[in-house]
Novice: 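Have a look at this one.
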Protein chains: 2
Amino acid sequence: MRADARRNRERVLEAAETVFAEQGATASTEEVARRAGVGIGTVFRHFPTKEALYEAIVVRRLSRVAEQAQPLTASADPAGALRDLFARLIDEAATKKAFADTMAVVSLDVKAAAPAVGDQLRDTIATLLDAARTAGTVRADVGLAEVMVLLAGLCLAAEHTPDPTLRESALSVVFAGLTPPS
Amino acid sequence: MRADARRNRERVLEAAETVFAEQGATASTEEVARRAGVGIGTVFRHFPTKEALYEAIVVRRLSRVAEQAQPLTASADPAGALRDLFARLIDEAATKKAFADTMAVVSLDVKAAAPAVGDQLRDTIATLLDAARTAGTVRADVGLAEVMVLLAGLCLAAEHTPDPTLRESALSVVFAGLTPPS
DNA sequence: AACGATACGGACTGATCACTCCGCTTGTCA
DNA sequence: TGACAAGCGGAGTGATCAGTCCGTATCGTT
């Protein structure tokens with residue numbers, strides 16, 4: 001692969017990330033090309049389809065998030081770690097358009113396109129949840145599926161909730177519901 | 001207004017409701033016209049804009065929902081009534097595409113297009129919430145805003161959650177979080 | 001330096017869609 | 001029943017956008 005090609009590919013990914021974050025998945029490919037300082041042809045040479053480009057940045061974002069999340073599994077307070085992770089994901093969803101949709105797809109449409117990356121995050125959450133249940137800091141009768149639905153819901157709602165305090169409050173209520181009755 | 005005009009207007013609304021429920025807001029106006037057994041011109045004569053048509057069916061759905069919800073304010077168990085209402089809205093969101101978005105807009109983008117209709121539902125929820133807090137069946141420190149965020153989140157997540165049991169479980173967790181600690 | 005392969009830019013194509021316009025039909029009322 | 005306004009259908013218009021194609025520029029290699 002030629003040097004300029006590699007450089008342009010990276011530029012396109014970077015531009016796509018910000019454009020999709022700002023305008024959502026409906027942003028035009030031309031806008032991405034413009035932002036990258038590149039012709040449309042170049043975009044399509046590197047990513048044969050708009051969907052492929054979109055998927056590429058989804059994978060990118062997800063693997064970054066999953067990578068940051070992984071160390072949490074070593075935490076002594078798994079429920080707390082889970083909550084921190086959720087807070088981080090919720091903030092990302094509030095800030096970057098279409099990230100909430102990504103989270104919804106990863107959380108809920110399990111057989112989704114890019115499987116491995118979503119699994120990684122899901123696995124981390126599963127580990128934390130198990131540990132928290134064992135520790136007695138999360139109710140034993142809630143499963144991963146429920147938690148994923150709640151996470152997706154919080155992320156999707158966050159997209160329309162500019163006030164961070166309010167997002168935090170909603171998260172608090174959910175975690176109160178996850179805590180075992182005393 | 002001529003008899004056939006009134007009849008066609010109703011047909012268009014009916015068709016739009018099912019088409020938007022099936023395909024979401026991106027469904028084409030032509031599809032609505034076809035489903036209504038009417039020319040496109042007719043659709044645009046009654047609703048000058050696709051957006052106007054969409055807004056009309058949003059208002060329609062919302063006022064139906066708000067109307068059904070209103071009697072609940074008389075309930076002796078306001079927390080239970082609130083939960084029933086949420087369950088109903090969540091089911092609707094799971095079944096009818098774009099209803100979840102409507103709920104999100106009504107819940108979160110307060111200054112939205114069709115104000116009065118959203119207010120009606122919001123008022124009912126506020127009344128139930130107040131009563132429940134007074135009765136001590138909902139924590140005193142959660143406000144309407146938080147509840148609306150949670151409702152929107154549950155509805156948005158429901159759109160991707162075909163399993164009704166799972167939706168119900170998620171709702172349970174949220175309501176557990178709303179219940180005062182014993 | 002010179003040459004072939006690789007990559008680039010952006011005009012172009014075809015499809016889709018919201019919306020318009022006008023010749024024709026149908027309801028209404030005298 | 002006749003006449004005319006109100007309403008209808010759907011071909012047409014312009015805009016947008018994903019994706020193609022090819023003449024040109026750039027890179028790497030000998």
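Chain naming here is simple, since letters A, B, ... match the order of the sequence lines and numbering starts at 1 in each.
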Novice: Quick one: do E92(A) and R64(A) satisfy salt bridge (charged side-chain N to carboxylate O under 4.0 Å, His left out)? Show the steps, please.
Specialist: CA-CA 12 Å; E92(A) 194 118 357; R64(A) 213 172 284 161; over 6 Å; no
Novice: Going by an N to O cut-off under 4.0 Å, is there a salt bridge joining R122(B) and D119(B)?
Specialist: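 A salt bridge is present here (some side-chain N lies under 4.0 Å from a carboxylate O).
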Novice: Is any side-chain heavy atom of V142(B) closer than 4.5 Å to a side-chain heavy atom of L150(B)?
Specialist: no
Novice: Return the polar atom pairs (N/O with N/O) between nucleotides 12-14 of chain D and the protein under 3.5 Å, or none.
Specialist:
none

Novice: On DNA chain D, compare the nucleotides closest to G41(A) and A25(A); which residue's is nearer the 5' end?
Specialist: A25(A)
Novice: Output the rounded distance in Å from CZ (R34(B)) to C1' (dA11(D)).
Specialist: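 After rounding, the reported distance stands at 15 Å.
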Novice: For the pair E10(A) and R60(A), evaluate salt bridge (charged side-chain N to carboxylate O under 4.0 Å, His left out) and give the outcome as yes or no after the intermediate values.
Specialist: CA-CA 12 Å; E10(A) 196 50 38; R60(A) 210 172 197 238; 2.4 Å; yes
Novice: Taking only N and O in the side chain of T29(A), is any of them less than 4.0 Å away from OP1 or OP2 of dC17(D)?
Specialist: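 Result: no.
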Novice: Of all the heavy-atom pairs spanning A69(B) and L85(B), show the shortest one and how long it is.
Specialist: CB-CD1, 3.7 Å
Novice: Before accepting this row, confirm whether a basic side-chain N of the pair R35(A)/E22(A) lies closer than 4.0 Å to the acidic partner's carboxylate O.
Specialist: yes
Novice: Below 4.5 Å, heavy atoms only, C-beta onward: do R83(B) and S172(B) meet side chain to side chain?
Specialist: yes
Novice: Roughly how far, to the nearest 0.5 Å, is OG1 of T102(A) from CG of L89(A)?
Specialist: 11.0 Å
Novice: Counting only non-hydrogen atoms, which of residues 1-10 of chain A are less than 4.0 Å from DNA chain C?
Specialist: M1(A), R2(A), D4(A), A5(A), N8(A)
Novice: Run the side chain to side chain contact (heavy atoms under 4.5 Å, CB included) test on L82(B) and F175(B) for me, step by step, so that the C-alpha distance in whole Å, both residues' side-chain angles and the decisive distance to 0.1 Å come before the verdict.
Specialist: CA-CA 10 Å; L82(B) 196 61; F175(B) 266 81; 4.2 Å; yes
Novice: Toward the 5' end of DNA chain C, which comes first, T26(B) or G39(A), by nearest nucleotide?
Specialist: G39(A)
Novice: Near E67(A) CD, under 6.0 Å, is it more than 12 heavy atoms from other residues, nucleotides or ligands?
Specialist: no
Novice: Under 4.0 Å between a Lys/Arg side-chain N and an Asp/Glu carboxylate O for D130(A) and R133(A)?
Specialist: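 A salt bridge links D130(A) with R133(A).
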Novice: Can you pull the contact range of chain B along DNA chain C, 5' to 3', using atoms under 4.0 angstrom from its heavy atoms?
Specialist: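 On DNA chain C, the outermost contacted nucleotides are dA18(C) to dT28(C).
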Novice: Hey, is the side chain of H46(B) poking within less than 4.0 Å of OP1 or OP2 on dC8(D), counting only N and O atoms?
Specialist: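 So the side chain of H46(B) is within the cut-off, an N or O lying under 4.0 Å from OP1 or OP2 of dC8(D).
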Novice: Pick the nucleotide of DNA chain D nearest each of R45(A) and G37(B); which residue has the one closer to the 5' end?
Specialist: G37(B)
